[in-house]
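Computed over heavy atoms, backbone and side chain alike; hydrogens, waters and symmetry mates excluded.
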Amino acid sequence: MPLEGITDDAYWNWGHGFDALARGIAAPTNGNVAGFWAANYMGIRRSNEVIANVPNIDMDAATGKRFVAEAKFIRALLYLNLTMTFRDVPLILEPQGIAEADVPKTPKAEITQQIIKDLNDITADLPDVIPAGERGRASSGAALSLLARVYLYNDMFAEAAATAKKVMDNYDYAIHPSYKELFTLAGEDSKEVIFGIEFERGIQEGQLISRHFALPPVHIATLPNLVNAYYCTDGLPIDKSPLFLGDPTEKPTLDDMEYIFNTERYKNRDPRMDVTLITPGSIWSEEVTDNRFVAAGVIFRKWAEEPINGVELNYRDNALNFYVIRYADVLLMWAEASVRSGNYVEAEVDAVINQIRQRPDVMMPKVENVEGTGLSAEALLDIIKHERRIELAYEMLRYYDLKRWNELKEVYQNVFIPNTNVRRWVEPSSEVWPIPQSEIDNNSELEQNPEWK
């Protein structure tokens, strides 16, 4: 989850190439930026090979159409990643030979229209329900859910709301009753998982993306900003709730261990915090944790596998699937898009948020019982943004959310990091990632983004 470390949720405790983006010291030669570009285009190249060659194979027509549709789904997801980071990139829709290797950038708007076309085209060729034993393949519901994300990320709010509503009305997706179980092996077949990347212990070869670590990632430390964002169980933020057992105005430093390891301040909080984070005093592998080996004292639990009967796991061999799209995200996309389009009923928006808040093992108060009724659109958006942050933490969406909300600059200028790893916003280069210099060197038609010239 490298992008989480360049938001207000976390920072790179031991340094990382992506960290340079948040610190304002990145360069077109940054290896991790180049790796991100290369991984996405590797997937696009593989997808294009499938799209071009499967129709020429003697096979059942419906099966062939499904394979092509799945490849277009993956290609759409990867181009969304690229346009959200680099903006304008080469749009390559066919297999390339050496003669076709030099390709100029295509404007983001044109790429977005191609993504939209592909996702609309493929829904009829994908199954509505993934058959048993085929988990990890794309369904028509996954295509529509990704399409809703594309619309939302490109400020096409009416289209995003309508598309998300199709998913809500026409598919058998549901909020999983246990937030905790959802992020374990037992939750991988949940009706909440719309599309996930499959991992199996012991299989490392051929991966397009690296798996998450099996144990809590001590190299990426949780920021106090995220910890403080979790409300108390009465539904109030820590600076307003009488249940908060601490001083909400305090900021820790490396020398202020009393603050960090005061276990009282982590009590009486939204139960999703204990699923997402390991805090001092919480339970990990049947023992009370201390976490004094990381400066912030708080690390991510989500996606980590707790040792069974004390048996340690291979740090880099995680069997848990990574969820790219789940139903809670679709509900929140619908809520946000509806409010931002101006076409919404407050009670319906509240009801969707309440579905997420009131899982049996979460049971946070309903919107109308805490925030009230008769809320403005701005107030509803604040609630939705909060729910996205808490519900989807460490799922590689926060960076994209901050970018599209135009809040990344404010975060870099104001987020508190309890060590020398500061954030720095640099105009205008912090707006967009640099095209890797190695790609420019190898592609005579490719030009650097103007902010990085």
Partner set under ring-ring contact (aromatic ring centres under 6.0 Å, His included) for [X], not counting sequence neighbours:
{"X": "Trp425", "result": "Tyr412"}
{"X": "Phe36", "result": "Trp433"}
{"X": "Tyr173", "result": "Tyr171"}
{"X": "Phe300", "result": "Tyr394"}

Considering only residues two or more places apart or on different chains, which pairs with a residue in [range] satisfy salt bridge (charged side-chain N to carboxylate O under 4.0 Å, His left out)?
{"range": "residues 329-338", "value": "Arg149-Asp329, Asp329-Arg388, Glu336-Arg340, Glu336-Arg404"}
{"range": "residues 71-83", "value": "Arg75-Asp118"}
{"range": "residues 225-245", "value": "none"}

Whether Glu391 and Arg272 form a salt bridge (side-chain N of Lys/Arg under 4.0 Å from carboxylate O of Asp/Glu) is what I want to check.
yes
For the backbone of [Y] and the side chain of [X], can you confirm whether one donor and one acceptor N or O come within less than 3.5 Å of each other?
{"X": "Trp452", "Y": "Ser429", "answer": "yes"}
{"X": "Thr85", "Y": "Leu82", "answer": "yes"}
{"X": "Glu451", "Y": "Pro428", "answer": "no"}
{"X": "Arg359", "Y": "Ser178", "answer": "no"}
{"X": "Gln448", "Y": "Ile435", "answer": "yes"}
{"X": "Ser341", "Y": "Ser338", "answer": "yes"}

Lys385, NZ: over 12 other non-hydrogen atoms inside 6.0 angstrom:
yes
Residues passing the side chain to side chain donor-acceptor pair (under 3.5 Å) test with Asp155, sequence neighbours excluded, are none
Results of side chain to side chain donor-acceptor pair (under 3.5 Å) for Asp125 - residues two or more places apart only:
none
For Ala162, give me all partners under side chain to side chain contact (heavy atoms under 4.5 Å, CB included), at least two apart in sequence or on another chain.
none
Who pairs with Glu159 by side chain to side chain contact (heavy atoms under 4.5 Å, CB included), at least two apart in sequence or on another chain?
Tyr151, Met156
Establish, from distance only, whether the side-chain atoms of Gln96 and Asn48 form a donor-acceptor pair under 3.5 Å.
no
Side chains of Asn53 and Glu49 only: does a donor on one sit below 3.5 Å from an acceptor on the other?
yes
Heavy-atom closest pair (Asp361 atom, Lys180 atom, distance to 0.1 Å) is OD2-N, 3.2 Å
Taking the side chain as every heavy atom from C-beta outward, state whether Val89 and Trp37 have any atom pair closer than 4.5 Å.
yes
Any pair counted as ring-ring contact (aromatic ring centres under 6.0 Å, His included), so long as it reaches residues 334-361, sequence neighbours left out:
none
With salt bridge (charged side-chain N to carboxylate O under 4.0 Å, His left out) as the test, pick out the partner of Asp274 among Arg301, Lys302, Arg269, Lys267.
Arg301
